[in-house]
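Here's the structure we're looking at; comments come further down.
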2 protein chains.
Amino acid sequence: MTYDEFKKIVSISKKEISRQIWETNRSAIKVKKEEKVIGNLIRIFDAALEISNAKGFQAMSMRDLSAKSRLSMGAIYSYFSSKDELLHLLQMQGRQIANKILVDQISLVKGPAQKLRIAIQAHVYLSEIMQPWFYFTYIEARNLAKDERRKAIESELYTEKIFIDILTKGAKLGIFKISDIILTASLIKAMLQDWYLKRWKYQKRKINVDDYAEFIIGVIESYLSRKVKRSRACRT
Amino acid sequence: MTYDEFKKIVSISKKEISRQIWETNRSAIKVKKEEKVIGNLIRIFDAALEISNAKGFQAMSMRDLSAKSRLSMGAIYSYFSSKDELLHLLQMQGRQIANKILVDQISLVKGPAQKLRIAIQAHVYLSEIMQPWFYFTYIEARNLAKDERRKAIESELYTEKIFIDILTKGAKLGIFKISDIILTASLIKAMLQDWYLKRWKYQKRKINVDDYAEFIIGVIESYLSRKVKRSRACRT
DNA sequence: GTCTATACATAGATAGAC
DNA sequence: GTCTATCTATGTATAGAC
């Protein structure tokens, strides 16, 4: 799958999930006309992400948001009951899309080697298209209330689990030479995250999305097929 | 060098730099007795890092800081002229210590292979001991004013440059098989950062500082000594 | 040097006009 | 559905007592 093909899939999922979120929260939203709601929600979300990613969600005032989204304070508060609820919705949206698309993509191919490649590629593509969401979710996670925070951590571990499962299967089949599955999965995550956390750096250096995905895959594959010099304790 | 030996070095540097910071800002600080100043500065810094890392610097009120440091608002403001100045000092301190110790350690050994090992190990050790500072510097970078922000970015690139230089030398000497130096350096940085950004994860899994350093070194070394399958364009 | 009390600005949220 | 005007809470910062 190329990057452009991938873009279309994400675009469709995005609308699906926007509508889903609206339906889940229909009771809380005072405005009733569907096209109004969806349109304004997107304006508010986009503005909120832009401001928050520049100076932090806490530092974004509702007046900032009002100005950037070109909706009055009153109008904004007819979609959310509080600033915290806006934070909650933003978090949810990113997480749902990311998890759904990732799982979908991996299920399309067979075998750990293929699945590993696709999982990495899909994640880089996804975080490129939805960079503001990914960045926001990562950075603002600790500002969440206790219960929300737990969900964010679960989500982090869930993505990692996808890689752990692929690596475990590959190790069992003897395809991957692997001494520490959890650390390896953890490393893959760290590399994937660097892509959306340091976008300024990669953009400046003109490294594109395919360069990066290929590089990660190369590093991981060379590690998984290395000559093993000595045995190390295997974590479970 | 073991982790415990390393701890002592950092401890000394920390005091050195605390004193240095005080001397640089002597004019701004109203309190004059040295032992008072150093002692209270440390109390304020520690409290500020603890609160900020839990809920963000923006969200930390000066009343929070006053309570945690057990100094009154008035007392705190006799050390800083504003909350922004406190942010500035915290940032500076972390950066200075990190850069100094890293450069010192690398200069102790000869040869790219050795230097690479030591640079990775020293960084993991350092960020373990000073985890709150590293976390804070990373997460709060974007809350800085324009000029300060530039310095933070320079510092990020400076650390990366250390690895770029080692890798470049190793490639020239034919010790490292490397197709993309900048991406490789970037990857090393990402792995090093994960250690202090996701401390909760590694602690829970009982992965200690030496496990992690060894793992990173293993991954990078296996990548640098891999069988090269095909040539790829080399960035400069 | 440090405290208490307080000034002043800005934040989130809402009521009621349109 | 959206806007303007405004309430109340909370934030940063400081003046003056001790």
Side-chain angles (χ1 to χ4, degrees), chain A residues 22 25-48 51-52 54-91 140 143-145 148, chain B residues 18 22 25-48 51-52 54-90 140 143-145 148:
Chain A
W22 173 55
N25 296 278
R26 187 171 265 173
S27 57
I29 296 173
K30 288 167 195 157
V31 183
K32 292 301 164 202
K33 212 183 266 173
E34 174 160 343
E35 54 181 307
K36 264 276 173 220
V37 174
I38 301 276
N40 281 347
L41 275 181
I42 288 171
R43 271 166 69 187
I44 295 171
F45 282 156
D46 286 348
I51 302 168
S52 293
K55 62 178 186 180
F57 185 79
Q58 276 276 353
M60 174 190 79
S61 72
M62 294 306 270
R63 285 175 179 85
D64 291 340
L65 184 59
S66 164
K68 177 78 82 179
S69 66
R70 282 170 305 156
L71 283 166
S72 69
M73 297 273 290
I76 288 174
Y77 274 98
S78 61
Y79 293 95
F80 311 106
S81 68
S82 70
K83 197 183 168 188
D84 269 356
E85 198 181 312
L86 170 59
L87 175 59
H88 166 65
L89 286 182
L90 279 168
Q91 290 274 356
E140 302 294 347
N143 294 333
L144 297 168
E148 289 288 319
Chain B
S18 286
W22 174 54
N25 296 278
R26 186 171 265 174
S27 57
I29 296 173
K30 289 166 197 158
V31 182
K32 293 300 165 204
K33 212 184 267 174
E34 174 159 343
E35 54 180 308
K36 264 275 173 219
V37 173
I38 301 275
N40 281 347
L41 275 181
I42 289 173
R43 270 164 71 186
I44 295 171
F45 282 155
D46 285 348
I51 302 169
S52 293
K55 62 178 186 180
F57 184 79
Q58 276 277 351
M60 174 190 80
S61 72
M62 295 305 271
R63 282 183 181 89
D64 290 341
L65 184 58
S66 164
K68 178 79 82 180
S69 65
R70 283 169 303 154
L71 283 166
S72 69
M73 297 275 291
I76 288 174
Y77 274 97
S78 61
Y79 293 93
F80 311 106
S81 68
S82 71
K83 198 183 166 187
D84 269 357
E85 198 182 312
L86 171 59
L87 175 60
H88 166 65
L89 286 182
L90 279 168
E140 302 295 346
N143 293 334
L144 297 167
E148 289 288 318

Per the atom types in the model, does the base of D:dT10 pair as donor or acceptor with the side chain of B:Arg63 at under 3.5 Å? no
Measuring only between side-chain heavy atoms, which start at C-beta, is B:Leu89 closer than 4.5 Å to B:Leu41? no
Categorize A:Phe80 for me: base, sugar-phosphate, or nothing, with a 4.0 angstrom heavy-atom threshold over every strand shown. nothing
Residue pair B:Lys83/A:Met73 against DNA chain D: nearer the 5' end by closest nucleotide is A:Met73
Between atom OH in A:Tyr77 and atom P in D:dC7, what is the gap in whole Å? 17 Å
Between P on D:dT4 and CE on A:Met62, what's the gap in Å once rounded to a whole number? 16 Å
Backbone of B:Leu87 reached by a side-chain donor or acceptor of B:Glu140 within 3.5 Å: no
With the threshold set at 4.0 Å, does a side-chain nitrogen-carboxylate oxygen contact exist between A:Lys68 and A:Asp46? no
Assess the residue pair A:Phe45 and A:Leu86 against the criterion (side-chain contact (heavy atoms from CB on, under 4.5 Å)); give the C-alpha distance rounded to whole Å, side-chain angles, the decisive distance to 0.1 Å, and a yes or no. CA-CA 8 Å; A:Phe45 282 156; A:Leu86 170 59; 4.0 Å; yes
Can you tell me how far C1' of D:dG11 sits from CD1 of B:Ile51, to the nearest Å? 14 Å
Of A:Met60 and B:Leu71, the one whose nearest nucleotide on DNA chain C sits closer to the 5' end is B:Leu71
Is it possible for you to check whether B:Lys83 lies under 6.0 Å from the centre of the six-membered ring of B:Tyr77, through NZ or CZ, and within 45° of that ring's axis? no
Taking the side chain as everything from C-beta on, heavy atoms only, tell me whether B:Ile76 gets closer than 4.5 Å to B:Ser69. yes
Which part of the nucleic acid, if any, lies within reach of B:Ser78 when heavy atoms closer than 4.0 Å are counted: base, sugar-phosphate only, or nothing? nothing
Leading and trailing nucleotides of DNA chain C with any atom under 4.0 Å from heavy atoms of chain B: C:dG1 to C:dT4
